[in-house]
Amino acid sequence: MRHTILCAFFLAATMMTPAVADPQSPSHNAPFGLRMTERTHIAQSSTQSQHSGLDQQRGNEEPRLRGREREQDRPRSTRSDIRIRQDIGRFPTNQVTNRPFVSPEQGSEGYSKTVGALQRVLIELQQLQLQTKQAHWNVSGTLFQPLHVMLQDHYEGLSKYADEVAERLLAIGSSADGRANTIVRTSGVPEIPGGFLDDAQVIVWFTNAYKKVGDEIRAGIIDTNEPDPTTANLLQEVELGVDKYQWQMRAHVQRTSTEPNTGWDLNDNKAVDLPSRTPPAQPEAD
C-alpha cells in the first residue's frame with residue numbers, strides 16, 4: 001500500500017514539473033527515460049570536449065616542458081663556474097720538499113748551484129723543443145726534406161733530455177718549472193720567426209741557437225762538478241746530444257778545402273749570416 005502511494009506521488013510530481021528548453025537538450029515531449037538517456041550522452045560529449053581542450057593545451061605545453069627538462073638535463077659548462085685563486089709564484093719557481101732526499105754537497109750553496117744549473121738547462125731545452133717543432137712544420141726550400149726529417153729527430157731527442165733534467169731536479173728534492181711563462185721570461189734563446197722559413201734561415205738560426213744552449217750546458221757542468229757529480233754527468237750527456245745537433249746544422253754551411261759553402265745557393269745568391277771565427281791553432285807536424 002505504501003509503495004503504491006509513493007509511486008503515484010512521484011508520477012504526479014513529474015507531470016507537474018515543466019521541462020527547460022535547451023537547444024542542445026532532448027525534446028521535453030520525449031519520454032522521461034529517453035530524455036535522461038540523451039542528457040547523459042550530452043554530458044559525456046561535453047566532458048569529452050573539455051578533456052579534448054585540456055589535451056590540446058597540454059599538447060601545446062609539452063614541447064615547452066620537454067625543452068625545460070632538456071635544459072635541466074643538459075650538463076652546464078664549468079668553464080665559467082670554476083674559480084681557482086692561487087699564487088703562481090716567481091719565474092722560475094723551484095720548491096724544495098720537506099721530506100728526506102739525497103742532497104748535493106756543499107750545503108745550501110752547492111744545492112742552489114745544482115738546482116739553478118738544472119733549471120736553466122731545462123728552460124733552454126724546452127725552448128729548443130718548441131722552436132724545433134715550429135721549424136719542422138714550416139721549413140721550405142731545396143733542403144726541405146732532409147731538414148724536415150732532421151728537425152723531427154732533434155725534437156724527440158730534446159724532449160728526452162728535458163725529461164731527464166726535470167726528473168733529476170725532482171730526484172734531488174726540488175720541483176721543476178716548465179711553465180710557458182717561465183720559458184718566455186727566462187730563456188736566453190729567442191723565438192724563431194713566424195711564417196714560412198727558408199732552409200738557409202733554419203740552418204743559421206739553429207747553428208747559433210744550439211751553440212748558445214751548448215755554452216749554457218757547459219757552464220752548468222762546471223757549476224755542478226763538485227757539489228753534485230751525478231748532475232754533472234747527466235749534463236755532459238745532454239751536452240753531447242746538443243753539440244751533435246749543432247754540428248748537423250753547421251755542416252750545411254761548413255767550409256772545406258774545395259768548397260766555401262757560403263750558402264749562396266740557398267740564400268738568394270747571398271752568403272748566409274754566420275760569423276766566421278779563427279780556428280784554434282793546430283799542432284805542428286813532427
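All figures in this text were calculated on a predicted structure; none of them were measured in a lab. Note that the numbering runs from 1 along the sequence shown for the chain.
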Please say whether more than 12 non-hydrogen atoms of neighbouring residues, nucleotides or ligands are located less than 6.0 Å from [atom1] in [X].
| X | atom1 | value |
| --- | --- | --- |
| E109 | CD | no |
| E156 | CD | yes |
| K160 | NZ | yes |
| Q106 | CD | yes |

* If two hydrophobic side chains count as joined below 4.5 Å and joins carry through other members, does V238 share a cluster with I183? -> no
* Taking a hydrophobic cluster as the set of Ile, Leu, Val, Met, Phe, Trp and Tyr residues connected by side-chain heavy atoms closer than 4.5 Å, whether directly or through intermediates, do F144 and V253 fall within one such cluster? -> yes
Is the shortest heavy-atom distance from the side chain of [X] to the side chain of [Y] under 4.5 Å?
| X | Y | value |
| --- | --- | --- |
| T142 | D265 | no |
| V242 | L125 | yes |
| W205 | L197 | no |
| N233 | E237 | no |
| E124 | V121 | no |
| Y245 | L128 | no |
| T231 | P104 | no |
| M249 | L147 | yes |

* Would you check, one step at a time, whether the test side-chain contact (heavy atoms from CB on, under 4.5 Å) holds for R120 with D223? => CA-CA 12 Å; R120 287 191 298 272; D223 286 344; 3.5 Å; yes
Is there a donor-acceptor pair under 3.5 Å between the side chain of [X] and the backbone N or O of [Y]?
| X | Y | value |
| --- | --- | --- |
| D268 | K270 | no |
| Q127 | V189 | yes |
| D177 | T93 | yes |
| S175 | Q95 | yes |
| E239 | I217 | no |
| N94 | V96 | no |
| T114 | G110 | yes |
| S103 | F101 | no |

On a heavy-atom basis, which atom in [X] and which in [Y] lie closest, and how many Å separate them?
| X | Y | answer |
| --- | --- | --- |
| P190 | Q131 | O-CG, 4.4 Å |
| V272 | G263 | CG1-CA, 3.9 Å |
| V165 | L118 | CG1-O, 3.3 Å |
| I203 | H252 | CD1-CB, 3.5 Å |
| S159 | Q129 | OG-NE2, 2.7 Å |
| A135 | I192 | CB-CD1, 4.1 Å |

* Asked: Of all residues at least two apart in sequence or in a different chain, which pass the side-chain hydrogen bond (donor to acceptor under 3.5 Å, both in side chains) check with Q134?
  -> none
* Stepwise side-chain contact (heavy atoms from CB on, under 4.5 Å) test for K211 and D215 -> CA-CA 6 Å; K211 180 184 183 304; D215 291 341; 3.0 Å; yes
How many angstroms lie between atom [atom1] of [X] and atom [atom2] of [Y], to the nearest 0.5 angstrom?
| X | Y | atom1 | atom2 | value |
| --- | --- | --- | --- | --- |
| L143 | L266 | CG | CG | 5.0 Å |
| I123 | R179 | CD1 | CZ | 9.0 Å |
| I172 | E167 | CD1 | CD | 13.0 Å |
| D198 | N138 | CG | CG | 11.5 Å |
| Q201 | F206 | CD | CZ | 10.5 Å |
| Y161 | L122 | OH | CG | 15.0 Å |

* Can you check whether H154 and Y210 have ring centres sitting under 6.0 Å from each other? -> yes
* To do: Return the set of residues passing side chain to side chain contact (heavy atoms under 4.5 Å, CB included) with N261 (not counting sequence neighbours), or none when no residue passes.
  => T256, E259
* E216 bridged to K212 by N-O distance under 4.0 Å -> no
* side-chain hydrogen bond (donor to acceptor under 3.5 Å, both in side chains) with Q246: which of K244, Q248, R250? -> R250
